[in-house]
Amino acid sequence: MSTSNVTNLLLLGSQSDPLSERGVTCAGEVPDASDPELVSRARVARAALGDRAIILGHHYQRDEVINFADITGDSFKLAQAAQQQEKAEFVIFCGVHFMAESADILTSDKQQVILPDLAAGCSMADMATASQVDACWRTLTDLGIASQTIPVTYMNSSAAIKSFTGENGGTICTSSNAKAAMEWAFTQGSKILFLPDQHLGRNTAVQSLGLALEDCVLWNPWKEMGGLTAAELESAKVILWRGHCSVHGRFSKESIDDVRSRIPEVKILVHPECTHEVVTNADVVGSTEFIIRTIENAPRGSAWAIGTEFNLVSRLAKAHPDKNIVYLDKTLCYCSTMNRIDLPHLVWVMESLVAGHVVNQIKVDARVKQFSQLALERMLAL
Ligand code: 13P
Ligand code: SF4
């Protein structure tokens, strides 16, 4: 079941709940967030699991969850970490659904990947469905341009889209290796279909590869022929999918101007999922892991306005009191789906494993796994 279906189910309710029919129950069993014993329950369950489990935590997770992560990272580092796990029977993935799917694809069949809350999806990943991407590819095939087009798919996509990518000679990328992935793709073909984040695709094409904005066209999956003409599709070097991140899409040139007017010599540091206007007006651009390294290496007393998810920015501000770190927007914005993973859900999955029940396992269909693994391994080899 896709995350959007799970989300719909949770929103709309259902007489017969397919999750509980599959033994995936949750309501009423997750400890109360105000349980004063929660942290000690988490410690006890973690100790009882020992080497049988590894906890991977994305940098956008809440502090209460990240405190229990054995490995923290951005989506690239966590994919590598999942691939390198040989011993752990259980990989508890504190991140979102597409990351847990990728971990399942990259781990062995003996290992089980667990997502503490199945409603932790990603709105960007949901913006490219398998049938929409198939329809786009059929159009490119009919126009005779699919054979020169290499799909480059951002990690933030469903396993089905990763499988499409692998099957059609493409690679996955993350925000830390999008440049290398696009460069590789141009050695394989003359055109790229970049899915599903238009901003990462455009920013990388223009800022890192030196292409012109006019070399990129935007495919709207809700319009006939993506809203483009055959001539536009034929001459484009990069076909960008019309998807975006609702968290990074909030930052604007106005917020940059505002911060610059308030804080002398402030440097603007943003994630490449931000709009092209924000990225071109920023001082430094890079992935989550890059943002962390930049702040770690920054001189004492320097001032930074950071445009990425709020949990990470607030942790960086706490960890570096000798630097002036502010959030780039006036309105604080967490990633609501990342935030669904909280300590009660983590305790629930760990205690369930201790009691011998595997809950919330993420298992990618074997047929989908074959080509999505190929696409992910191409990325890890870049
Ligand atoms: P990275 O982990 O690649 O920086 O991506 C950020 C993100 O939005 C994850 O969902
Ligand atoms: Fe998706 Fe954006 Fe949240 Fe990342 S931060 S999980 S891209 S909605």
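We count ligands from 1, going down the list as the structure has it; atoms in each ligand are counted the same way. Computation of the quantities below employed the complete heavy-atom set of this structure, encompassing side-chain atoms and omitting hydrogens, waters and symmetry-equivalent molecules.
- When every heavy atom of A79 is checked against every heavy atom of L106, the shortest pair comes out as O-CD1, 3.6 Å.
- Few gaps surround CG on D322; more than 12 heavy atoms of other groups in view lie less than 6.0 Å from it.
- Counting the atoms of ligand 1 from 1 in the order shown, those under 4.0 Å from a heavy atom of D74 are 1 (P), 2 (O), 4 (O).
- Taking 4.5 Å as the limit, some side-chain heavy atom of L353 sits within range of a side-chain heavy atom of I92.
- Scanning the protein for heavy atoms near atom 4 (Fe) of ligand 2, the closest one is N156 ND2, 4.0 Å.
- Proximity of F76 to ligand 1, defined as any heavy-atom pair under 4.0 Å, is not found for any part of the residue.
- A donor-acceptor distance shorter than 3.5 angstrom exists from the side chain of T149 to the backbone of I145, with no hydrogens or angles considered.
- When side chains are defined from C-beta on, E289 does not count as touching S176, because their heavy atoms never get closer than 4.5 Å.
- Within the 4.0 Å heavy-atom cutoff, Y60 counts among the residues contacting ligand 1.
- With a 4.0 Å cut-off on non-hydrogen atoms, Y154 touches ligand 1 through its side chain and not its backbone.
- Taking every non-hydrogen atom of M99 and a distance limit under 4.0 Å, the qualifying atoms of ligand 1 come out as 9 (C), 10 (O).
- Taking every heavy atom of both residues into account, A81 and L56 meet most closely at CB-CD2, 4.2 Å.
- Between E101 and S157, the closest side-chain pair of non-hydrogen atoms is not below 4.5 Å.
- When each atom of ligand 1 is checked for a heavy atom of S175 under 4.0 Å away, the hits are 1 (P), 3 (O), 4 (O), 5 (O).
- Each of the following atoms of ligand 2 lies closer than 4.0 Å to a heavy atom of S123: 8 (S).
- Of the heavy atoms in E309, none comes closer than 4.0 Å to ligand 2.
- No more than 12 heavy atoms of other residues, nucleotides or ligands shown are found within 6.0 angstrom of CZ on R242.
- Residue contacts with ligand 1: H58 is included, with a non-hydrogen atom under 4.0 Å away.
- For CZ of R262, the number of neighbouring non-hydrogen atoms (other residues, nucleotides, ligands) closer than 6.0 Å is greater than 12.
- Counted by atom type alone, Q207 and H276 present zero donor-acceptor pairs between their side chains at under 3.5 Å.
- If you look at F98 and F93, their ring centroids are not closer than 6.0 Å.
- Closest protein heavy atom to atom 2 (Fe) of ligand 2: C245 SG, 2.4 Å.
- Listed by atom number, the atoms of ligand 2 under 4.0 Å from C122 heavy atoms are 1 (Fe), 6 (S), 7 (S).
- Using a 4.0 Å cut-off to heavy atoms of N156, the atoms of ligand 1 that qualify are 7 (C), 8 (O), 9 (C), 10 (O).
- The protein atom (non-hydrogen) at minimum distance from atom 3 (Fe) of ligand 2 is C335 SG, 2.4 Å.
- For ligand 1, the polar-atom distance check against S75 finds a nitrogen or oxygen pair separated by under 3.5 Å.
- Distances below 4.0 Å separate heavy atoms of T288 from the following atoms of ligand 1: 1 (P), 2 (O), 4 (O), 6 (C).
- Remark: ligand 1 atoms within the under-4.0 Å shell around heavy atoms of E273 are 5 (O), 6 (C), 7 (C), 8 (O).
- Between E289 and ligand 1, a contact under 3.5 Å exists for no N or O pair.
- Atoms of ligand 1 found under 4.0 Å from any heavy atom of H271 (numbered from 1 in listed order, with element): 1 (P), 4 (O), 5 (O), 6 (C).
- S314 and Y327 share no side-chain donor-acceptor pair at under 3.5 Å.
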